[in-house]
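The structure appears right after this line, and notes come after that.
All values derive from a computational prediction rather than experimental measurement. Naming convention: chains lettered A, B, ... in sequence-line order (proteins, then strands); numbering from 1 in each chain.
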Amino acid sequence: MKRLLKGGRVVDPANGIDGARDVLIDGDRIARIGVDLPVDGATVVEIPDGLVICPGLIDMHVHLREPGQEHKETIASGTASAVAGGFTAVACMPNTNPVNDDANVTAYILAKAREANLARVYPIGAVSRSSKGELLADIGDLRKAGCVAITDDGHPVATAILLRRALEYAGMFDMPVIEHCEDPSLKGDGVAHEGYYAATLGLRGMPGACEALGVERGVLLSELTGSAFHVAHMSARASLRAVRKGKEAGFRVTCEVAPHHFTLTDEALATPLAYDTNTKMNPPLREAEDRDAMLAGIADGTVDAIATDHAPHHYDEKKVEFDRAPFGIVGLETAVSLSFDRLVHAGRVRLSRLVELMSLNPARILKVDGGTLSEGAPADITILAPDLKVRVEAAKLRSRSKNTPFDGWELRGGVAATIVGGRPLFVNPDTRISF
Amino acid sequence: MTTVHDVEQKPAVTSLRSKDLLGIAEMLPEEITLVLDTADAMKEIATRPIKKVPALRGKTVVNLFFEPSTRTRTSFEIAEKRLSADTLNIAIATSSVVKGETLADTAMNLEAMRPDMIVIRHSSSGACHLLSRICRSAIINAGDGMHEHPTQALLDAFTIREHKKRLKGLKVAIVGDLLHSRVLRSNIHLLTKMGADVWVCGPPTLMPTEIRRFGVTPTSHVEDAVAGADVIMMLRIQLERMEGAYFPSLREYFSVFGMTEARVKLANPDVMIMHPGPMNRGVEIASEVADGPYSVILEQVANGVAVRMAVLYLLAGGADYEEAA
């Protein structure tokens, strides 16, 4: 069937488009983009004033927890959360149980994703078997089964030599190595950013240098190997400095920042609720200078992508002493609103830059379809509502887990609709759009 | 010349604002003064032949200790008994390896039996905050991880006030493992709120981040910290800290930071030497100092009972409660 999205503002930085256009969808593909396209038998979807049509958003860093931890999230609930958050595709981390270090696990994930039939799922395989940091996983098999990158996320790749080999080997398949950057000895048993708030609350700290050491290692090894190195969930200003230097030198280094790291600081550990375990993640919420550096890096182009590090945990697991709680928060359904509110409406980036950060660049880094509204491309489209007033309600999240520090927050900007392969899978009833 | 209770110590309040005592950080100076003044009255009870008053009769107090403790647990228990509370001691060995009932479940089960107060000691910072959100009972923090140990700071202040008749303007030097100490954090909050000049001293490896923001003067030169001090508070050095490479050896620690008679001589002639216990003689403090004329270490222990009685009494409703009863 044909659908004509009529009357919206199209923002498609890959094609240099930012203006009034109609979008014709034919089946699962984008057929045409143009001014005042003829209806020609298509079903017309009127796009209300103020809404923005952009290429489907891609979250390149989520934890879908399946197989093995289905009490936290499943591929079905996670991809439902994704489309509700405006994401047409997600890349899922391999720290499942069993670890996605084997083509059978990859195939299982993809089968579950087909069954759910919501957002597209791009599995990310492990660097090492069981992510133990000893032997390389069968990276070629993982690639063939559908993995788009490799990582030992949750932990850094154990040794410099193994990271070097992974970069060299994955480079053969043109896959990036995504690294959870961290020096384990400097992290120790840290549970929060090493700063004033951890000191006053008596929480064991981990400094920004702990992350930056891992970034520096990766940048050096990217130079040595010539392979693509991607810094996951960057949070520290020293890390940004290392990435910037690497990019200036022409190395193949990219990085992502999570919305909580450009929104919150370690002050959230103490207030409004002291020891709220929904402020515990790794890397931790850092001090204001780090948060401001992330904002600056997003604005000046050093940061390539916004990724949520969506990390669902059951409330039982979070309702414990702070130092015993697992790291991580859910992020898929708050990312767009936080990005609008803190980046676009705050005047830090233009909307087209936001689309680069959340769609085009993740597609380019992972070398997957999407990221553009080119004619003939899959009809993965997100319709944004830049001025929608959004109130975050944890209890209403589609994710199976509700661990968010943003419960009750009021933000400006949200999602109107999410279209995957031509199918409108999420339509926000708070916007005047109907399919 | 100061009077027994000078201006800063006049209570402007007659009750505590919170149902709980989680930390000194949340207390107003007036509330601190109220606790200390109430402890003055409580201390007299220990001098009577029959050391018991009916203030907490019919109240149930649970002492929930997840960490071994002799001094603090005993002190609380004596305080509770002198106030005629019904007390119950629960000691739970915790291990991160053995997965037992969660703290939240323990709290909900206890709460179901409707105790009036829960005194909790736990190795995790903020454990008492978790309990406070679950329980209607008054929660008293008897030490949570590296966060706070508010009754220790109150008894320290009480002891200082007995000797010096004031807290304001005193130079207090706190020396030892600053990073891991909940006693330090509570004392810093209390002493800075009450206008003391607080110096903290230890190796840089054991100095909390941004310690200056706490309103204290940090130094790693013990002579500077104790020079002209009115009070020297020693903090315990945990013997396992060497393994974390915080300092090379106990011998070297003692030579750089140990409180010796020679160092005490740099302080004011009427300096008080304090230690929250348990002491490592010959590591952070020389025995001659611990047992010497300036030491008030055993007075601290005695005052602990009076201060904890005051806290229990005030959280139970204080005078309001007694009138109603």
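For Arg185(B) (side chain) and Ala199(A) (main-chain N/O), a donor-acceptor pair under 3.5 Å exists by modelled atom type.
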- request: Might you work through the side chain to side chain contact (heavy atoms under 4.5 Å, CB included) test for Leu203(A) and Ser125(B), ending with a clear yes or no?
  value: CA-CA 7 Å; Leu203(A) 296 172; Ser125(B) 301; 4.0 Å; yes
message: Pair Arg213(B), Thr200(A) - check side chain to side chain contact (heavy atoms under 4.5 Å, CB included), show working.
response: CA-CA 10 Å; Arg213(B) 276 180 73 179; Thr200(A) 181; over 6 Å; no
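Here the straight-line distance linking atom CG of Leu179(B) with atom CZ of Arg204(A) works out to 8.0 Å at 0.5 Å rounding. Here the straight-line distance linking atom OH of Tyr275(A) with atom SG of Cys128(B) works out to 7.0 Å at 0.5 Å rounding. Interatomic distance, CD of Glu287(A) versus OG1 of Thr209(B), reported as 9.0 Å (0.5 Å rounding).
Aromatic rings of His129(B) and Phe322(A) (six-membered ring for Trp) have centroids beyond the 6.0 Å cut-off, not under it.
Proximity to chain A (any heavy atom under 4.5 Å) is restricted, for Ile134(B), to the side chain, taken from C-beta onward. With a threshold of 4.5 angstrom between heavy atoms, Asp105(B) does not approach chain A through any atom at all. Heavy-atom distances place no part of Arg182(B) under 4.5 Å from chain A, backbone and side chain included.
When the candidates Ala198(A), Ala274(A), Gly205(A), Pro207(A) are compared by the number of heavy-atom contacts under 4.5 Å with chain B, Ala274(A) comes out ahead.
Between Glu321(A) and Leu103(B) the shortest heavy-atom distance is OE2-CB, 3.6 Å.
Geometric assessment of Arg212(B) against the ring of Tyr196(A) yields a negative cation-pi assignment under the 6.0 Å and 45° thresholds.
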